[in-house]
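Single-structure report; data block below.
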Amino acid sequence: MLYIGIDLGTSAVKLLLVDETGQIVNAVTKEYPVFYPRPGWSEQNPDDWWSACTAGIRELTAGTDMDEIRGIGAAGQMHGLVILDKNDVVIRPAILWNDSRTEEEVWYLNHIVGEDKIADYTANAAFAGFTAPKLLWMKKNEPWNFDKICRIMLPKDYINYKLTGVHSCDYSDASGTLLLDTRKKCWSKEMLQICEIHECQLPKLYESFEVIGSLCHKAAKECRLSEKIKVVAGAGDNAAAGIGTGTTGEGKCNISLGTSGTVLISSGDCRMDPGHAIHTFAHADGTYHLLGCMLSAASCNTWICDTILHTSDYAAEQRRIPENILGKNHVYFLPYLMGERSPVNDSNARGSFTGLTMDTTREALVLAVLEGVAFGIRDSLEVIKSLPLSVTKSTFCGGGAQSPLWQKIFANVLHMPLDMVKTEQGPGYGAAILSMVGCGEYRNVKEAVESLVEITRVIEPDPTLTEQYELQYQKFKKIYPAMKHVFLELRSFAL
């Protein structure tokens with residue numbers, strides 16, 4: 001039997017065709033544009049997602065016995081606001097997870113309504129990327145569009161709607177809207193009232209592995225698939241990556257290094273960070289997880305190479321870095337190119353280099369970027385470990401995690417071994433696993449993960465390098481607090 005996993009990312013959709021033993025039979029990637037209509041704004045056209053998915057599925061399954069395909073699971077970029085009118089037509093471009101236009105709305109939620117009260121309603125404080133602040137922004141700035149809203153959706157749920165005709169959302173993705181009572185797993189009546197929306201505008205909630213329906217006639221025709229294929233609710237990309245890397249069970253950790261960077265710790269119960277720096281979300285296996293998210297991770301490396309150094313050969317840039325300067329770099333980089341979420345929650349934060357001298361080299365700048373991202377992930381990990389949770393090792397996935405140099409830096413900055421999984425496409429692979437569970441291939445997510453996820457090698461930290469990076473991290477920690485008010489002044493000057 002075959003299963004399709006969809007990973008609806010920020011720059012592209014990645015599709016996997018996976019058999020019941022977990023072997024990837026085929027993989028296809030289709031890109032689509034991101035639009036930046038104003039500084040700090042980030043939008044996409046949901047129809048671009050659907051066009052990429054249908055073209056990708058046709059290519060993915062060409063030459064395949066269609067009767068072998070049993071299920072589809074989708075993972076997707078979280079928090080994006082997709083709104084439909086009474087005819088299920090998209091009203092405006094989707095406002096994405098890394099869009100920072102909602103600074104005033106976040107301030108209102110956290111300071112006027114109150115951060116503790118919002119956390120009591122949802123288990124989380126307000127962050128700029130979340131969906132609820134976007135609704136408040138739209139109500140104030142685009143009331144003509146707000147009044148047309150009939151359905152409020154998340155990106156991967158729009159794909160599921162196009163596949164099945166069903167308006168659905170899973171608990172993991174819903175957790176990141178700031179509209180869900182995460183502990184009770186239901187829409188928060190208090191948040192709906194604050195945002196002046198109605199529960200009938202929100203989709204029905206499901207566990208990630210539950211079947212929401214089968215392919216509708218139109219979707220089956222566009223994708224050239226059978227209408228018998230079942231579709232599960234799927235998951236937010238981080239929760240799906242947790243499944244794809246086997247991050248289930250108390251205290252398991254996964255670090256994902258993609259456009260954004262995340263550290264996810266699975267938990268049997270709904271734990272909260274008293275300081276609200278880390279998110280508390282439902283997990284795709286029916287339990288919960290804690291999540292720290294930095295907005296710019298591997299994208300920082302893309303920026304330094306593409307925009308500043310004008311090269312697309314990332315591997316060559318990293319090969320130029322001599323090993324003897326690891327842990328001894330005098331240049332530091334704050335990886336806040338899009339503002340920052342966890343743990344500082346500051347949309348005014350900006351990227352910066354510190355420690356430049358006349359003898360600073362190209363290699364030192366690239367290394368500082370790689371190290372700065374690792375330090376940023378450690379910031380979130382330190383908060384999670386203070387709850388307390390015992391974290392002694394982690395899986396490591398995402399495009400950036402394929403870099404041998406970054407693997408070495410992360411293992412030593414974080415002081416722990418990193419398990420590398422056989423299948424690198426965490427979200428898409430996790431989505432395919434969820435579809436297997438929904439179709440009865442496995443009894444539950446735990447059984448599926450134990451059967452399918454394989455660790456191929458372990459990146460061990462080096463005691464000497466770990467000690468050197470500890471000294472560097474303690475210096476790095478002082479940079480943002482010293483710059484915080486400067487960032488605010490720079491923003492005021494820009495306005």
Problem set entry | Beyond-backbone contact of Val421 with Tyr429, side-chain heavy atoms, under 4.5 angstrom | no
For this session: Return yes if some donor-acceptor pair links the side-chain N/O of Asn110 with the main-chain N/O of Ala126 below 3.5 Å, else return no.
Result: yes
For this session: Report the residues that fulfil salt bridge (charged side-chain N to carboxylate O under 4.0 Å, His left out) with Asp7, sequence neighbours left out, ordered by chain and then residue number.
Result: none
For this session: Please identify each residue that fulfils salt bridge (charged side-chain N to carboxylate O under 4.0 Å, His left out) with Glu441, with sequence neighbours left out.
Result: Arg70
For this session: For Gly80 and Leu154, work out which heavy atoms get closest and say how close.
Result: O-CD2, 3.3 Å
For this session: Going by the side chain to side chain contact (heavy atoms under 4.5 Å, CB included) test, name the single residue among Lys117, His279, Met191 that passes it with Thr122.
Result: Met191
Problem set entry | Short N-O contact, Arg271 and Glu250, less than 4.0 angstrom | yes
Problem set entry | Within 45° cone and under 6.0 Å: Lys230 NZ/CZ vs Tyr3 ring | no
Exercise. Looking at the rings of His79 and Phe127, which for Trp means the six-membered one, are their centres under 6.0 Å apart?
Worked result: no
For this session: Apply ring-ring contact (aromatic ring centres under 6.0 Å, His included) to Tyr336 and list each qualifying residue two or more places apart in sequence or on a separate chain.
Result: Tyr480
For this session: With the side chain counted from C-beta on, respond yes when Gln77 and Trp49 share a heavy-atom pair under 4.5 Å apart, and no when they do not.
Result: yes
Exercise. With a 4.5 Å heavy-atom cut-off, do Ile459 and Arg457 have their side chains touching?
Worked result: yes
Exercise. Under 3.5 Å, is there a donor-acceptor pair between the side chain of Glu59 and the main chain of Val28?
Worked result: no
Seminar exercise, completed: side chain to side chain contact (heavy atoms under 4.5 Å, CB included) with Thr423: of Val453, Ile24, Thr245, Thr456, only one passes, and it is Ile24
Seminar exercise, completed: Residues Ala282 and Tyr288: closest non-hydrogen pair is CA-CD2, 3.9 Å
Problem set entry | Ala431 versus Gly5, closest heavy-atom pair with distance | CB-CA, 4.3 Å
Exercise. Do you know the tightest heavy-atom contact between Leu414 and Ala374?
Worked result: CD2-O, 4.3 Å
Exercise. Do the charged groups of Glu142 and Lys148 touch, with an N to O distance under 4.0 Å?
Worked result: no
For this session: Find the distance between OG (Ser347) and CE (Met338) and round it off to the nearest 0.5 Å.
Result: 11.0 Å
Problem set entry | Under 3.5 Å donor-acceptor, Gln44 side chain and Thr10 backbone | yes
For this session: Tell me, with the steps shown, if Val373 and Phe410 meet side chain to side chain contact (heavy atoms under 4.5 Å, CB included).
Result: CA-CA 9 Å; Val373 173; Phe410 263 83; 4.2 Å; yes
Exercise. For Ile194 and Leu109, what are the C-alpha separation, side-chain angles and deciding distance, and is it a side chain to side chain contact (heavy atoms under 4.5 Å, CB included)?
Worked result: CA-CA 9 Å; Ile194 289 170; Leu109 290 170; 3.9 Å; yes
For this session: Working to the nearest 0.5 Å, report the span between CE of Met272 and CD1 of Ile278.
Result: 12.5 Å
Output side-chain donor-acceptor pairs under 3.5 Å for residues 233-242, partner residues at least two apart or in another chain, one line each.
from: Asn238; atom 1: OD1; to: Thr262; atom 2: OG1; distance (Å): 3.1

Problem set entry | Residues Tyr158, Asp47; criterion side chain to side chain donor-acceptor pair (under 3.5 Å); working and verdict | CA-CA 9 Å; Tyr158 180 71; Asp47 289 333; 3.0 Å; yes
Problem set entry | side chain to side chain contact (heavy atoms under 4.5 Å, CB included) assessment of His415 paired with Arg378 | CA-CA 10 Å; His415 298 196; Arg378 178 164 169 186; 3.5 Å; yes
Problem set entry | The single option from Val231, Leu225, Ile229 passing side chain to side chain contact (heavy atoms under 4.5 Å, CB included) against Ile4 | Leu225
Seminar exercise, completed: Nearest heavy-atom contact between Ala128 and Asn345 is N-OD1, 4.5 Å
Problem set entry | Beyond-backbone contact of Val106 with Phe130, side-chain heavy atoms, under 4.5 angstrom | no
Exercise. Can any side-chain N or O of Tyr32 pair as donor or acceptor with the backbone N or O of Ala12 at less than 3.5 Å?
Worked result: yes
Problem set entry | Flag if over 12 foreign heavy atoms under 6.0 Å of NZ, Lys139 | no
For this session: Any ring pair (Phe, Tyr, Trp, His ring centres under 6.0 Å) involving residues 175-214? Give me the pairs, sequence neighbours left out, ordered by first then second residue.
Result: none
For this session: Determine whether more than 12 heavy atoms belonging to other residues, nucleotides or ligands lie under 6.0 Å from atom NZ of Lys14.
Result: no
Seminar exercise, completed: Between the CG atom in Leu180 and the SG atom in Cys169, the distance rounded to the nearest 0.5 Å is 8.0 Å
Exercise. Short question: side chain of His283, backbone of Thr247 - any donor-acceptor pair under 3.5 Å?
Worked result: yes
For this session: Flag yes if more than 12 heavy atoms outside Glu31 fall under 6.0 Å of its CD atom; otherwise flag no.
Result: no
Exercise. Using a distance-only test with no angle check, is there a side-chain donor-acceptor pair under 3.5 angstrom linking Ser267 and Asp269?
Worked result: yes
Exercise. Is the closest side-chain heavy-atom distance between Ile118 and Leu178 below 4.5 Å?
Worked result: yes
Problem set entry | Sub-4.5 Å side-chain heavy-atom contact between Leu295 and Trp97 | yes
Exercise. Just wondering, more than 12 heavy atoms not from Glu104 lying within 6.0 Å of its CD?
Worked result: no
Problem set entry | 4.5 Å side-chain heavy-atom contact, Leu81 and Asp99 | no
Exercise. Among all residues two or more places apart in sequence or in another chain, which pass the side-chain hydrogen bond (donor to acceptor under 3.5 Å, both in side chains) test with Gln425?
Worked result: none
Exercise. If you measure from CG on Leu452 to CD on Glu20, what distance do you get to the nearest 0.5 Å?
Worked result: 9.5 Å
Exercise. Which pair of heavy atoms, one from Gln402 and one from Gly398, lies closest together, and at what distance?
Worked result: NE2-O, 3.0 Å
Problem set entry | CA sep, side-chain torsions, deciding dist, call: Thr21, Gln23, side chain to side chain donor-acceptor pair (under 3.5 Å) | CA-CA 6 Å; Thr21 70; Gln23 296 301 308; 4.5 Å; no
For this session: Measure the CZ-CG distance between Arg92 and Asn145 for me, rounded to the nearest 0.5 Å.
Result: 6.5 Å
Exercise. For Lys162 and Thr54, what are the C-alpha separation, side-chain angles and deciding distance, and is it a side chain to side chain contact (heavy atoms under 4.5 Å, CB included)?
Worked result: CA-CA 10 Å; Lys162 296 290 283 185; Thr54 53; over 6 Å; no
Exercise. Do Thr248 and Thr287 come within less than 4.5 Å of each other through their side chains, counting heavy atoms only?
Worked result: no
Seminar exercise, completed: Separation between CG (Asp173) and CZ (Phe281), nearest 0.5 Å, reads 9.0 Å
Problem set entry | Side chains of Tyr314 and Asp306, donor plus acceptor under 3.5 Å | yes
Problem set entry | Test applied, side-chain hydrogen bond (donor to acceptor under 3.5 Å, both in side chains); reference residue, Asn98; option that passes from Ser260, Ser299, Ser42 | Ser42
